[in-house]
Every structure is written in structure tokens, then in C-alpha cells.
Amino acid sequence: MSDVLRPIETAAPADLAKPPLTLVPDLPADPAGDLPLIPDWTRTGEGRKSAARRAARRARRAGRRWLTRQRTDRGHAAQIKRGTRRTHEWVVGFQGVHVQAAAHQAHTATREARDAARRARYTLMPGQRDKARQAADKAQTAAMAAVNAHRQAKAQVRRGRIFRGSIAYGTPLLVDTAALVEFGGLGLAGGIFTTLSVAAWIGRKPLTSETWDHERRSIGDGDAMTEPMLNRAYRDAKVIAADQELKLVTPCGFGPDAWEVEFDLPPGVPTAKATGAVAALASGFGVKAQQVSQTPGDREGRIRLRVSLKVPFTGEPVRGPLLDCESFDLWDAVPMGISERGEIITTTWFEKTALFGGEPGSGKTSMANGLLLAASLDATARIFGADGKAGADLLPFEDIAEMLDTEGDPEALLEILRHVWEVVLPECKQVAREHGVRRFSRALAAKDPRVRFTVLAIDEWASYLGSADPKTAKEIDRLLRLIVQQGRAYGVVVLASTQKPDSEAVPTGVRDIISTRWAGRCLTPEASDTILGKGRATAGHNAQRILKQQRGVGFYQTGESADPVLMRAFYYDDGEKTGVDEVALILERAYKLRAEAGTLPGSGPSLSDQLRERGADGEILAVLVDTFAAYGDEFDWLPGSVLLDALRAAGIEVTPERLAALVVRPEADKKKTWEGNRVSGYGRALVFKTAQKLLERP
């Protein structure tokens with residue numbers, strides 16, 4: 001780069017002969033990109049704010065590291081303590097061992113001299129006495145020499161200690177005193193700070209190690225996730241051996257409030273070994289177990305790790321997206337909740353059934369509302385509901401539900417199941433036969449409005465079976481199993497929820513064929529496994545570790561995913577928190593949709609009206625259906641005379657033989673007791689079954 005002198009055209013005073021010159025740099029093109037690139041944005045206000053935020057973030061992290069360091073043996077207080085100790089040890093010196101040795105020799109020589117003098121005093125033989133006296137003189141001379149050596153050693157040590165002490169203690173004292181005299185209190189403070197700094201420098205190395213192991217830092221200490229930290233944590237958790245290392249697929253990155261990384265385990269280490277060591281890994285990272293999430297990758301041994309900086313799902317619940325929907329097509333994927341990474345979890349409910357479990361207050365109702373409210377906004381979907389705990393969770397759906405039991409009556413549930421099995425499913429099968437298909441589809445629904453979803457929600461399933469008599473419980477189990485097995489192909493979605501669906505409360509024949517599971521907070525790992533399947537808790541999907549304040553959080557497992565996913569159900573307030581009943585708002589919108597579409601319960605042609613369009617036999621059966629409706633649900637059987645009278649009143653003359661040929665009865669149902677007499681009659685179920693067969697005819 002060269003500097004070129006160029007004139008600047010300015011208004012110069014008249015007395016100046018030449019215009020002033022200025023130095024303008026000649027900036028050539030930089031096609032090779034050798035010059036540093038500094039975006040203009042960095043010089044704007046927003047750029048400076050961003051730089052300031054980065055500097056503040058670095059300062060905070062440095063401050064956190066400094067504070068965390070103070071709790072270790074590398075803290076400044078520990079360094080000053082070690083430096084003071086080492087200085088004192090240097091002043092004392094190691095020459096004291098010579099003094100101790102000289103003292104020992106002096107004591108030994110003195111004791112030997114006393115013994116020799118005693119022997120010389122008590123020896124009686126003239127020749128032996130002279131030898132004893134000579135030995136005593138030698139021992140006394142040696143003792144005196146040893147005592148003198150001890151005195152010299154002590155004096156030498158004392159002089160050395162005084163000299164070293166004057167250097168170690170006198171120098172700081174002299175410096176601090178001079179600083180105090182020269183600069184006052186500020187000088188004294190500076191002198192003390194200098195003295196402590198020197199002591200910290202002397203004690204900079206721990207007594208047991210030469211270097212500071214920075215890899216012992218953790219995310220809980222405010223440090224960033226690094227590859228050495230990962231390897232250390234998985235080694236300490238016994239997931240990999242001491243001589244093995246993880247192979248990073250992606251670098252350690254910081255996402256929204258969490259560190260994330262994807263890596264491969266060493267060959268031979270299964271994924272389940274890592275997913276089952278959540279608690280040990282959390283200890284290695286310095287966080288709670290709820291903050292560690294491991295998701296299996298696209299092959300065995302590959303793991304996507306996420307370590308949150310705070311416990312997830314402990315803030316305010318996430319607003320449900322159905323609040324912004326005017327209508328919903330149940331063939332689309334239903335938004336059920338949000339994952340730890342902020343991703344929306346959706347489920348396509350065709351050919352699926354669901355089992356939601358968890359202790360009271362875990363959020364089963366919030367989870368179920370995701371499907372029920374979506375079905376409500378689909379004007380073609382039929383809803384059947386039963387609440388085994390006789391609560392109010394299903395009451396808001398009363399106006400749009402085909403059949404609903406909120407009293408926890410097993411007989412009412414049995415009636416709902418019979419209707420689905422004997423009326424709804426046969427209708428669906430007839431539609432499929434007419435179109436020559438084996439199952440419903442979205443394309444078929446666009447052609448035929450009779451192709452509809454049917455949602456059967458059973459809350460506290462175990463309560464129904466527990467309060468029913470054995471015969472009713474067996475029939476409920478049988479019908480529910482048949483509906484689950486055969487209804488999937490015709491858009492019948494069974495949604496069952498209970499606290500713990502073990503074999504004592506819920507028959508395994510039904511539980512084991514339900515595909516979609518959701519496990520909210522459980523009290524034991526065994527209860528979690530009862531919902532999700534055996535072995536899930538040991539593989540890391542343990543609903544027991546869900547905290548009590550994490551309401552609506554659970555492990556969600558569908559047929560579309562191999563492993564459960566920790567998620568939080570979308571929340572639709574019933575007015576308890578915000579004072580706005582969001583469920584009522586959605587259901588009000590659903591009622592209007594169904595009223596406009598003519599799909600409200602009872603808004604379409606009745607069974608009697610449909611029968612009257614089927615000729616003479618239909619006319620007869622329509623009168624029988626109306627007669628049973630007039631008598632009420634408590635009458636499951638009526639005498640033939642009552643039905644014939646109703647037919648005559650309607651202007652239809654029918655002989656008993658003609659009626660018996662139309663409604664074929666088994667021998668056991670032909671005669672029953674009526675008002676004290678044994679008379680011939682017809683059962684309600686048989687009449688309705690005959691009517692349904694007539695409607696199914698082409």
C-alpha cells in the first residue's frame with residue numbers, strides 16, 4: 001500500500017499561493033482477500049452493543065470461573081496458605097535433624113560415661129581397676145565432645161533460622177513499614193497486597209500435584225462443554241473404559257439455554273448403557289438428572305446429548321396452538337406438546353390408540369385435551385366419552401359428544417361400548433365394503449362424508465373395571481378389545497387413561513395392543529415401565545425422575561418413534577390460572593362448526609327416519625324403535641302385545657307371525673315375565689340389531 005499526495009479542493013485564503021495538501025491512502029482492490037474484513041455493522045450502535053454484550057458475557061464467565069476456582073485448592077486463599085506454610089518450612093529449615101542426631105549422640109555418650117565411671121568405682125581387682133579407669137576417661141572425653149557438637153549444631157541452626165527469618169519475615173515487615181511511613185494507609189494496603197501476592201505465587205502449586213487439572217471443571221460450574229469434559233464424564237459414569245474416547249460427530253455447541261453435541265460411542269458399547277447412566281452423567285456435568293437428555297441417533301451407538309443450563313419445563317406452560325384454529329382436520333397431525341429442544345411434537349391419529357398414565361396431578365387431562373379438542377374442531381368427528389372418576393373433565397364436551405358418562409357408571413360405559421361395536425363399527429365396515437377398500441383413508445373421506453373419525457375417550461379406565469361386577473367387567477374388557485383391534489382401520493381412536501395400568505387394574509389383553517403411550521410423573525420405576533413397557537426405566541426413560549412441578553411433562557412414545565421422547569403437553573386453561581376458559585372458547589367454536597355442518601348429536605336423520613325410507617319392513621321397525629324409546633332405557637324387553645298395539649296405533653296392521661318373521665328371536669328371549677304373567681315379547685338389543693341389518697342392506 002502506498003501513500004499518494006492529492007490536492008484537496010477547498011476554499012483557500014487569497015494570500016496562500018498553493019492549496020494545502022493532505023495524505024490520502026491509496027486503497028487498491030483486494031481480490032485475494034488478504035486484507036482483514038471488518039464489517040461496517042460493527043461500527044454501528046447495534047454492533048457496539050453486540051460487542052459490549054459479548055464482553056460482558058466473557059466477563060461474567062471469567063468471574064464465575066474465578067469464584068468457582070476459589071473453592072478449589074487453586075483458590076487464592078489456599079495459595080496464600082500454602083505459600084505461608086512453605087515460607088515457614090524454609091525458615092525452620094531441615095538442619096534440625098542434625099541437632100537431633102547430635103543430641104542423641106550426646107545422650108548416648110553421657111550414659112556410657114556414667115556407666116564406665118560406675119564400673120571403675122566398684123572394681124576391686126588392681127589390674128582391672130586401672131583398665132576401668134582408662135575406659136571411664138575415654139568415655140568421659142567422648143561425652144564431652146558429643147555435648148560440644150550438640151551445642152555447635154544448635155548454634156548453627158539458630159543462626160540459619162535467624163538469617164532466613166530476617167529475609168522471609170523482616171523484608172515484608174520492612175517494606176510494609178516503609179510504605180506506611182511514606183504513603184500512609186494506602187501504602188500499607190499496597191504493601192500487604194504485595195506480600196500476599198508473593199505468598200500466593202510461592203504457593204501456586206498444590207502440595208499433591210504440579211499442574212491444575214482444568215478438565216475437572218463442569219457445566220454446573222459455569223464452564224463450556226468440551227470434548228475432554230465429555231470423555232471424563234462418560235468415563236466416570238463407567239459408560240466407556242478409561243482408555244476409550246468418544247468420537248464427536250458434531251462439535252459441542254450452545255443452543256437455547258443448553259449445550260448440545262452428537263457423538264458415537266466406542267465400538268462394542270451399546271446405546272442403552274449410556275441412556276441408563278443419566279444420574280451418573282448428571283453428577284459428572286454438575287447438574288440435575290432432569291437437565292441431561294440423551295436421544296439415540298440414526299444408528300446404534302450414536303447419541304445426541306443435550307445438557308440444559310436449568311431444569312426444563314419448570315416455567316410457565318406453553319399455550320396450545322388450537323386456540324388459533326378456526327377448524328381442524330383430524331387427518332392432519334395433531335400438535336400434542338413441545339420437546340426439550342422447543343420442537344412441536346405432533347401425532348397422526350389414524351390407526352392409533354393411546355394409553356396415558358401417571359399419578360394424580362401429573363397432567364393426563366392436559367395431554368388428552370390435545371386430541372379431544374382437535375377432534376372437537378373437526379365437525380365430522382364423533383366423540384364418545386366416559387369418566388371413571390365421576391369428575392368434570394369431560395363435562396365441557398357434553399353438547400358435542402354423541403354419548404357421555406360423567407357418573408363413573410360401568411353400565412353406562414358398557415352401553416357406549418355396545419353402541420360403538422354394534423352401530424358405529426358396522427356402519428364403517430359397510431361404507432368400506434361399498435367402496436371396495438379394507439380401511440378408511442383421507443382420499444376416501446374426500447369422496448364420502450360418511451368416512452369419519454370416532455374418538456372414544458375413557459378416563460380412569462381402572463375405576464370402571466374396579467367398580468363393575470365380574471360379568472360387566474368381562475364384557476367391557478371384551479368389547480374394548482374388539483374395538484381396539486378392529487376399529488383402527490376405520491378411524492376409531494381409543495384414548496384410555498389411568499393412574500397405573502397394571503394387570504390387577506387393567507386387563508393386559510387390551511393394554512398390550514395399545515400403540516401410543518404417555519407416562520407422566522410416577523412414584524416408582526416399575527409404574528413407569530407398566531405404562532411405557534418393560535425395561536424403559538433402566539434405559540433412561542424413567543418417569544419417576546420427573547419433578548412434581550413439571551406438570552404435564554411425560555415420556556411420549558408412539559409407533560412412529562423407537563424410543564420415548566420427553567415432552568410437555570400443550571396447556572389449555574379452564575379458567576383456573578388466567579380467568580379465561582380456553583377450553584370453553586374452543587368448544588364454543590366447535591359447537592358452531594357442527595351446527596353449521598349439521599353434525600351435532602341428534603341433528604341428522606334419526607334411526608326411525610332412516611328406517612322409514614327402507615320400505616314396509618323399515619316402517620315396522622321404525623315403530624318398534626320409537627316404542628322402545630318411549631318406554632325409556634330401563635326397559636330392555638317389551639311384550640309382543642305392546643308392540644302390536646303400537647303398530648296398530650300407527651296404522652300398520654301386522655300379524656304376530658309377520659313380526660316374528662321380521663325380528664327373529666332365540667328361544668331364550670321369546671318369553672319373559674311381564675306384570676306377573678309369562679308372555680311372549682322382543683328385546684331392545686334384538687330390535688335395534690335387526691334395524692341396523694336392514695340399514696346395511698344395499
Side-chain angles (χ1 to χ4, degrees), residues 320 322 328 330-331 333-337 345-358 362-378 381-389 391 393-397 400-406 408 413 416-417 419-421 424-425 452-465 476-477 479-488 490-499 501 505-507 510-520 531-532 552 554 556-560 567 569-570 572 583 586-587 590:
L322 293 177
F328 193 86
L330 210 53
W331 289 99
V334 178
M336 302 299 297
I345 305 297
T346 61
T347 303
T348 304
W349 282 101
F350 181 66
E351 290 191 321
K352 284 191 178 65
T353 52
L355 172 63
F356 297 163
S362 60
K364 297 187 293 296
T365 301
S366 298
M367 190 64 185
N369 274 347
L371 172 58
L372 289 176
L373 292 175
S376 302
L377 291 174
D378 187 339
R382 290 175 288 205
I383 298 177
F384 297 86
D387 191 350
K389 64 178 182 297
D393 292 338
L394 295 179
L395 272 178
F397 298 87
I400 62 173
E402 300 282 338
M403 299 177 69
L404 190 66
D405 171 49
T406 58
L413 173 60
I416 294 174
L417 296 177
H419 180 80
V420 174
W421 173 247
V424 175
L425 270 176
R452 311 166 61 186
F453 271 93
T454 301
V455 178
L456 172 59
I458 305 175
D459 195 6
E460 292 304 334
W461 177 14
S463 298
Y464 276 113
L465 298 181
I476 290 175
D477 177 33
L479 291 176
L480 191 57
R481 185 183 309 167
L482 290 172
I483 293 171
V484 171
Q485 289 174 339
Q486 300 184 23
R488 297 171 60 253
Y490 305 104
V492 178
V493 180
V494 177
L495 171 60
S497 64
T498 188
Q499 295 181 20
V506 177
V510 181
R511 184 191 67 191
D512 294 343
I513 60 176
I514 293 179
S515 59
T516 301
R517 309 289 183 93
W518 181 84
I531 303 169
L532 298 175
Y556 189 50
Q557 174 180 298
T558 66
E560 300 166 352
M567 58 163 285
F570 286 120
Y572 298 94
V583 174
I586 295 176
L587 292 178

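Separating the CG atom in N369 from the CG atom in L322 is a distance of 9.5 Å, to the nearest 0.5 Å. If you take CG on L413 and CD1 on I458, they are separated by 5.0 Å, rounding to the nearest 0.5 Å. Taken from CG in L373 to OH in Y572, the straight-line distance is 6.5 Å, to the nearest 0.5 Å. The structure places CD1 of I514 at 9.0 Å from CG of L495, a figure rounded to the nearest 0.5 Å. From L355, atom CG reaches atom CG of L532 across 9.0 Å, with rounding to the nearest 0.5 Å. Distance check: L480 CG to Q485 CD gives 10.0 Å after rounding to the nearest 0.5 Å.
Counting all heavy atoms, side chain and backbone alike, I416 lies closest to A386 at CD1-CB, 4.4 Å. In this structure, I345 and Y556 approach most closely via the heavy-atom pair CG2-CD2, 3.8 Å. For the residue pair S376 and L587, the shortest heavy atom distance occurs at OG-CD2, 3.5 Å. Scanning both residues, L372 and A457, for their nearest heavy atoms gives CD2-CB, 3.8 Å. Of all non-hydrogen atoms in D378 and L330, the two that sit nearest each other are OD2-N, 2.9 Å. Heavy atoms only, all atoms of each residue included: K364 and S497 are closest at CD-CB, 4.4 Å.
Between V424 and Y490 the shortest side-chain heavy-atom distance does not fall below 4.5 Å. In this structure, the side chains of S362 and F356 stay at 4.5 Å or more apart for every pair of heavy atoms. In this structure, V420 and L479 have side chains that are not in contact, with every pair of non-hydrogen atoms separated by 4.5 Å or more.
For Y464 (side chain) and K389 (main-chain N/O), no donor-acceptor pair under 3.5 Å exists by modelled atom type. No side-chain donor-acceptor contact under 3.5 Å links T347 to the backbone of V334. Checked by atom type and distance alone, the side chain of R517 pairs as donor or acceptor with a backbone atom of I531 at under 3.5 Å.
The only member of D459, L395, D393 that meets side-chain contact (heavy atoms from CB on, under 4.5 Å) when paired with T406 is L395.
Using a 30° and 60° split on the angle between ring planes, F350 and F453 fall in the perpendicular class, above 60°. In this structure, H419 and F384 have tilted ring planes: the angle between them lies in the 30° to 60° band.
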